[in-house]
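Quick caveat: nothing in here was measured; it's all calculated off a predicted structure.
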Amino acid sequence: MSLPRRFQHVAVLMGGQSAEREVSLSSGRACAEALRTNYRVTEIDFSGDVAVLVQALTGDDAPEAVFNALHGKFGEDGTIQGLLDLLGMPYTHSGIRASAHAMDKAASRTLYTQIGLRVALGMVLPFGEATEAFPAPYVLKPVAEGSSVGVYIVLAGDNRNLPAEWTFGETVLVEEYIPGRELTCAVLEDEAGTATALDVLEIRPRDAFYTYDSKYADGGSVHLVPAPLSPAIAEECRAAALAAHMAL
C-alpha cells in the first residue's frame with residue numbers, strides 16, 4: 001500500500017538479519033531522506049530483537065505507519081508483514097501471502113505454471129543431489145534468498161562454479177540455464193487495486209550475469225529504459241509481468 005498524506009510520522013524499517021542487510025541499510029537511509037520532504041521520519045535499524053522493535057512501534061512516540069525497507073528473509077517473506085498486521089500498523093508494499101509466495105521460488109514457480117507462464121525447467125532438491133539433476137549448463141539458486149545471493153551458473157566442464165558447501169537451507173533450486181538478455185518490468189498497483197505494468201527495462205551487467213555486485217556496486221550494470229525491443233516483445237514482457245503480479 002502507499003502512504004496517504006494523512007500520516008505525519010513514518011518509521012523506516014531497515015537493516016535486518018538477512019544476507020542483504022547492508023543493501024537494506026543503504027536503501028532505507030535513502031528512503032528516509034526522501035520521505036522527510038513530507039513526513040516526520042524515525043529510522044529503525046532492526047537487529048532481530050522483536051521486543052525492541054515492538055516497543056519502538058508502540059511506545060509513546062510511536063509512528064503512524066511503516067515504510068518497509070527491509071530486504072530478504074524476515075523483511076520480504078511475510079514475516080515482518082505478519083507482525084505489523086498483528087500490531088495494526090499500516091505499511092508499504094505487499095501483504096503476508098503475496099510476500100511469502102514471491103520470496104519462495106518453488107511456490108512462485110508453481111503459481112506461474114498454473115496460469116500458463118513459461119518458466120525454466122527445474123526442481124527443488126537436496127543440495128547433494130542437485131548437481132546430478134541436469135546436464136551442464138545449469139543454475140543453482142537458494143529457494144528463498146533475493147538479490148542474486150547464492151546464485152551459481154555451472155557451465156559444461158567447469159566445476160569451479162560449484163559452491164564448496166551450501167549455506168542457504170537443506171534444499172536448492174536447480175534450473176536449466178537459458179542464455180539471453182536480462183529484462184525486467186515493474187508493476188504498480190494503486191490503492192483501488194488496479195495494477196499497471198510499466199516500461200520494460202533492460203539490464204546489461206558488468207559481470208557474467210546479474211550478480212549481487214552487478215546490482216549494487218557503482219558501475220555494476222547499465223540500465224536501458226525503455227528496453228530496445230520490438231513492440232510485440234515489449235508487450236509480451238509487460239503481459240507476463242502483470243500476470244505474475246496478479247498470481248502472487
Side-chain angles (χ1 to χ4, degrees), residues 1-2 20 23 27 71-72 76-78 92-95 97-124 133-156 172-216 220-248:
M1 65 178 72
S2 61
E20 302 174 70
V23 176
S27 58
H71 291 237
E76 294 181 282
D77 61 1
T92 57
H93 310 304
S94 301
R97 186 169 64 174
S99 298
H101 283 157
M103 195 68 183
D104 186 321
K105 297 180 181 70
S108 56
R109 282 173 54 88
T110 298
L111 288 173
Y112 300 155
T113 300
Q114 289 175 346
I115 64 170
L117 289 179
R118 292 175 291 168
V119 299
L121 294 175
M123 62 185 72
V124 176
F134 282 95
Y138 56 84
V139 185
L140 299 177
K141 300 178 182 179
V143 175
E145 293 283 351
S147 291
S148 297
V149 170
V151 175
Y152 296 84
I153 295 179
V154 182
L155 304 176
V172 57
L173 173 62
V174 55
E175 293 180 322
E176 62 175 333
Y177 172 64
I178 303 175
R181 296 161 67 183
E182 185 80 30
L183 304 174
T184 187
C185 180
V187 175
L188 183 64
E189 186 172 326
D190 62 22
E191 290 188 64
T194 301
T196 303
L198 306 183
D199 278 340
V200 182
L201 178 150
E202 179 173 2
I203 302 163
R204 296 182 180 176
R206 175 187 60 196
D207 296 334
F209 69 100
Y210 198 31
T211 63
Y212 181 95
D213 286 341
S214 295
K215 292 183 178 185
Y216 300 119
S221 299
V222 174
H223 299 80
L224 304 177
V225 188
L229 301 168
S230 70
I233 294 297
E235 182 54 36
E236 185 176 354
C237 291
R238 294 177 73 252
L242 186 59
H245 173 86
M246 298 308 296
L248 293 170

Does any non-hydrogen side-chain atom of Leu140 lie less than 4.5 Å from one of Val151? no
Tell me if a side-chain donor or acceptor on Lys141 pairs with a main-chain N or O of Val174 at a distance below 3.5 Å. no
So which heavy atom on Arg109 is nearest to which on Glu175, and how close? NH1-OE2, 2.6 Å
OG-CG distance between Ser147 and Asp213, expressed to the nearest 0.5 angstrom: 11.0 Å
If I compare all heavy atoms of Leu121 with all of Phe134, which pair ends up nearest, and what's the gap? O-CZ, 3.6 Å
For Val154 and Val139, run side-chain contact (heavy atoms from CB on, under 4.5 Å): C-alpha distance rounded to whole Å, both residues' side-chain angles, the deciding distance at 0.1 Å, then the answer. CA-CA 6 Å; Val154 182; Val139 185; over 6 Å; no
Pair Ser221-Lys215, side-chain donor/acceptor within less than 3.5 Å: no
Are the side chain of Asp190 and the backbone of Thr194 linked by a donor-acceptor contact shorter than 3.5 Å? yes
Side chains of His71 and Ser27: is there a donor and an acceptor less than 3.5 Å apart? yes
With no hydrogens and no angle check, just 3.5 Å: does a side-chain donor-acceptor pair link Thr110 and Thr113? no
How far does CG of Leu224 sit from CG of Leu201, to the nearest 0.5 angstrom? 7.5 Å
Heavy-atom check, side chain of Leu111 versus side chain of His101, under 4.5 Å: yes
Please report the closest heavy-atom contact between Ser148 and Tyr210, naming both atoms and the distance. OG-O, 2.6 Å
Taking all atoms of both residues into account, what is the closest heavy-atom pair of Pro228 and Glu202, and its distance? CD-OE1, 3.3 Å
Does the side chain of Val143 come within less than 4.5 Å of Asp104's, by heavy atoms? yes
Could you tell me whether the side chain of Asp77 reaches within less than 4.5 Å of the side chain of Ser99, counting heavy atoms only? no
Would a 4.5 Å heavy-atom cut-off, applied to side chains only, mark Tyr177 and Ile153 as touching? yes
Between OH on residue Tyr138 and CG on residue Leu173, distance to nearest 0.5 Å: 13.0 Å
Side chains of Phe209 and Ser214 in contact at under 4.5 Å (non-hydrogen atoms): no
Which atom pairs, one a donor and one an acceptor, fall under 3.5 Å between side chains of residues 182-189 and the rest of the protein, sequence neighbours left out?
from, atom 1, to, atom 2, distance (Å)
Glu189, OE1, His245, NE2, 2.6

Look at the side chain of Glu236 and the backbone N and O of Ala232, then say whether any donor-acceptor pair between them is shorter than 3.5 Å. no
Does a sphere of radius 6.0 Å around CZ in Arg181 hold more than 12 heavy atoms from other residues, nucleotides or ligands, not counting ones at 6.0 Å or beyond? yes
Give the minimum heavy-atom separation between Ala106 and Val124, together with the two atoms involved. CB-CG2, 3.8 Å
Taking the side chain as every heavy atom from C-beta outward, state whether Tyr112 and Leu248 have any pair of such atoms under 4.5 Å apart. yes
